[in-house]
Amino acid sequence: MTADEADAAGAGGARAGVGDDAPSLVGAYSLDTKLAGALGGRTAQAVERAFGYLTVGELLAHYPRRYALRGELTALASLPLDENVTIVAEVLEVRERTMRSRRGSILEAKISDGTGILTLTFFNQAWRARELKPGARGIFAGKVGDYKGARQLAHPDYELFDETTQLSADDEAAKRWAESPIPIYPATGTLASWQLAKSIALLLDGLGPVDDPVPAAVRESRSLLGQREALEAVHRPANESDWKSARRTLRFTEAFVLQTALLERRAELRAHTTTARHPSPGGALERFDAALPFELTGDQVSVGAEVADDLAHPVPMNRLIQGEVGSGKTVVALRAMLAVADSGGQSALLAPTEVLAGQHLRSIVRMLGPELSAELMPTLLTGQLPMAERKKAMLRAAAGQSRIVVGTHALIGETVSFADLGLVVVDEQHRFGVEQREALRLKGKHPPHVLVLTATPIPRTVAMTVFGDLDVSTIRELPAGRAGIESHVVPLAARPAWRARIWQRLAEELAQGRQGFVVCPAIEPRVAEDDGGESGDETDAATPAASVASVLAELRAHPAFAGSRIAPLHGRMSADEKDATMRGFAAGELDVLVATTVIEVGVDVPNASVMVVVDADRFGVSQLHQLRGRVGRGSVPGLCLLVTSAPAGSVALQRVEAVAATLDGFELARVDLELRQEGDVLGATQSGGRSSLRLLRVARDGDVIADARSLAQELLASDPRLTEHRALAAAVRRRLDAEASGYLSKG
Ligand code: ADP
Ligand code: MG
């Protein structure tokens, strides 16, 4: 027991806390009442420490994870070691024995749920035998430990069911009692489920009337409960249908408040005015289009038209373009920059890494050709430039000479100024949050138009939930002439012998004059690539991941690669080194890059045909999809080998298999949502932590979200300032406050 737990446990093991030091219910609480005032300081502190909640409304939005029935027996057979569990079980026998080595006694109680037996142990608490009698049933919580091969809970918390209520079977009260579901809350080691239940019950008892954020008419048309009623029923249901309708109500409310907040923010953005940008006849855009060596795809044309239309209005554009890797988003963005240049303005293009910024600049210069490049002076501006060059670049940006400035996201945090910043293009949205977009808006005299590019396909529901304040355009069509990619899983757990075949295939491709990538999750055996963004959720810290260093050594020693030029690429190399390596690879001076995910986005080498991902299960689904997109970009067919040691049937393996099974990024995004842990969908940076979704699941609740959005739209159309809908306005404010407060990683 830690000192903290000992303190919480108090004398005699009775849990401190809940309600002990709570003031009596003087008046009614509102959702905004501080927990300290409602529960008492100690309990409030424990709740804040565990979950970050400060107000009554926040704790009341801590909904049960599931409901247990009193008669329900939870599978004891498969208790996970070292996890906090809550189970409903019956006491079988209780034994007390004295310890040989130390003074004192151990009380051991065996409990069962019919599927297995679990031992509870208590040191020097023989008195518990008085309540833990054979046949007693209750709910037990603690951390699952292992003692000589048997599962046990040491000093669990428990609450026995009230025996006096077990009257005769036909008694109405007994029946009701037996039917009432027990809420099981997400709990922590120091705050057990029923302690939360008690605190929440206290709050509900003292809660005054709650205004309904959902207007009565909507409530009626969707058969929803009132807010107060729903809170009551979700926490203290009398039966199953109670909590089900409560959840439905609360889920809808959540979607409705969220959509209102997003739509309001969107309206706010649109309330600003900015400069409309039109291409000029005979201008840069026209000349660029005339010289374009290929036909734009249909989607490029239509998305381009949407962007052009946004730019032509004096309202700041906020548009997300999503499209497969290689679908030609960059071309669309460049055409937008040229329209802005025609109108005398500047554009900034922000990439997630220095390598990508450098690459963007080179490909822009190449696409523009010498004449337009000389006129528009595309300029690189990153933190790692030598001071003199950096100064020069800053001058060009400030003087308006450079119409296109390419840099990393760091550009926005810095003292870079522009003569007339008309457009900001952000490549790869998933590392770019709302705050950054906000900071950007403040860069120009007028807020610039913003165009966000992402190759991570976002299902419509997620787009609506997370980026509800952005307009979304989609490029689905790939340019013609792509040779395609073949993907295979190499499941080493089942087929260890296939390992040799991987390097053989790579060598075969090299023999045909092609190039390849080998991607590893780590740089050195113990150094992760922190530049790499998300990683698989199921990484096992105990087994070191394959690393660039070890794979590089392996390949260099391998006879099949005797004449091959192999180089590492990772985030620990200096910008110059990375750049030189990338250039060498692009120029065909290197055959194989052994890299981390620094090559994930944007790297464009048409001659590269093989992508080997080692320990593929350690990467996210979308990351694997992005990595695969690095090959098969030209007329050379691509081969992607996803190597994994994940055991057969594991979710980790399923995710890798899903990637191999389809090239459709939208399908993958959907599969990813399904396979991922709920709640993990948005990621902390996007969902805003403490305020993150409670009952709403974007993977499942697309219909609810869409319905709520259109209702919110209607409502805002008639009452844009929500003056007639005070409760909704308050709920929106609460949500935004929570988002703005510092609890970003909690929740
Ligand atoms: P994305 O940014 O979506 O990954 P890019 O804009 O970088 O894609 O385009 C990938 C490659 O395809 C580039 O080499 C680009 O020049 C080329 N490309 C873009 N659009 C077309 C098109 N319509 N037809 C042929 N090639 C295209
Ligand atoms: Mg790109």
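Counting convention: from 1, in listed order, for ligands and their atoms alike. All residue numbers refer to positions in the sequence shown, counting from 1.
Of the polar atoms of Gly328, at least one N or O is found under 3.5 Å from an N or O of ligand 1, judged by distance alone. Ligand 1 has no N or O atom lying under 3.5 Å from any N or O atom of Arg366, backbone or side chain.
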(request) Could you please spell out the steps behind the side-chain hydrogen bond (donor to acceptor under 3.5 Å, both in side chains) verdict for Ser343 and Arg277? (result) CA-CA 6 Å; Ser343 75; Arg277 308 286 179 171; 3.3 Å; yes
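Set against the non-hydrogen atoms of Glu295, the atoms of ligand 1 under 4.0 Å away are 22 (C), 23 (N), 24 (N). Distances below 4.0 Å separate heavy atoms of Val331 from the following atoms of ligand 1: 6 (O), 19 (C). Interface atoms of ligand 1 facing Pro479, defined by a heavy-atom separation under 4.0 Å, are 20 (N), 21 (C), 22 (C), 24 (N), 25 (C), 26 (N), 27 (C). Ligand 1 places these atoms under 4.0 Å from at least one heavy atom of Leu296: 23 (N). Applying the 4.0 Å criterion to heavy atoms of Thr297 picks out, from ligand 1, the atoms 23 (N).
Within the 3.5 Å criterion, the main-chain N or O of Met377 finds no donor-acceptor partner in the side chain of Gln401. Judged by distance alone, with hydrogens and angles left aside, the side-chain atoms of Lys329 form a donor-acceptor pair with the main-chain N or O of Gly323 at under 3.5 Å.
For Phe561, the ring pair (Phe, Tyr, Trp, His ring centres under 6.0 Å) criterion is met by His558, not counting sequence neighbours. Contacts of His278 classified as side-chain hydrogen bond (donor to acceptor under 3.5 Å, both in side chains), with partners at least two apart in sequence or in another chain: none.
Nearest heavy atom pair, residue Gly638 against residue Val631, reads CA-CG2, 4.2 Å.
Ligand 1 does not have Gly323 within reach: every non-hydrogen atom of the residue lies 4.0 Å or more from it.
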